[in-house]
Amino acid sequence: MCTLESATRSLEIKAPERIVIESRAGEISASCLSDLTLQSIEGAVRFDAKSVFLQGLKMGTPIQRHSVREQQLQQQQPQQQQQQQQKLRNGRASTDQRESSVYQLCICANGKLFLARPEGVCQADKNVC
């Protein structure tokens with residue numbers, strides 16, 4: 001194992017062109033007490049991997065929106081059919097919420113990330129941002 005650390009002060013790695021950190025047979029780990037910043041002035045920060053995991057993200061509050069066509073159909077149907085469809089929709093929604101592992105990745109104006117349901121809207125509120 002190779003370690004690069006400073007036990008009492010800051011540590012900087014600078015180069016005029018590029019810095020490469022590579023591990024061909026194991027993991028690379030970075031940890032810190034407060035913020036970890038990856039910054040690119042003129043380029044991009046890229047994550048090139050089979051999987052990228054972002055743990056601990058908050059879930060945005062879902063907003064129920066119905067299309068104009070769906071609202072028109074609901075008004076035309078008898079009340080009993082509407083109640084049956086609502087029961088089916090509620091049952092399906094609760095099952096989808098438990099089993100779904102696909103979400104939208106959303107971003108707040110301040111740069112924080114949060115999740116929204118795939119059928120929902122990325123709407124930020126003060127609880128997630």
Quiz item: Got a sec: does the CD of Glu17 have more than 12 other heavy atoms crowding it under 6.0 Å?
Solution: no

Quiz item: So how far is it from Leu105 CG to Cys122 SG, rounded to the nearest 0.5 Å?
Solution: 7.5 Å

Quiz item: Checking Gln104 side chain against Arg117 main chain: does a donor-acceptor pair fall under 3.5 Å?
Solution: yes

Quiz item: Would you say Val128 and Leu113 are hydrophobically clustered, going by side-chain heavy atoms of ILVMFWY under 4.5 Å?
Solution: no

Quiz item: Does Asp125 reach the main-chain N or O of Asn127 with its side chain, forming a donor-acceptor pair under 3.5 Å?
Solution: yes

Quiz item: Within the distance-only criterion (no hydrogens, no angle test), does the side chain of Asn110 pair as donor or acceptor with the backbone N or O of Cys129 below 3.5 angstrom?
Solution: yes

Quiz item: At what distance, to the nearest 0.5 angstrom, does CG of Leu115 lie from CG of Leu54?
Solution: 8.0 Å

Quiz item: Would you call Lys58 and Lys112 a side-chain contact if the rule is heavy atoms closer than 4.5 Å?
Solution: no

Quiz item: With a 4.5 Å limit on heavy-atom distance, are the side chains of Phe114 and Leu57 in contact?
Solution: no

Quiz item: Do Leu36 and Val45 belong to the same hydrophobic cluster, where Ile, Leu, Val, Met, Phe, Trp and Tyr are linked whenever their side-chain heavy atoms lie under 4.5 Å apart, directly or via other members?
Solution: no

Quiz item: Would the number of heavy atoms belonging to other residues, nucleotides or ligands and lying under 6.0 Å from CD1 of Ile21 be above 12?
Solution: no

Quiz item: If you group Ile, Leu, Val, Met, Phe, Trp and Tyr by side-chain heavy-atom gaps below 4.5 Å, do Leu38 and Ile13 land in one group?
Solution: no

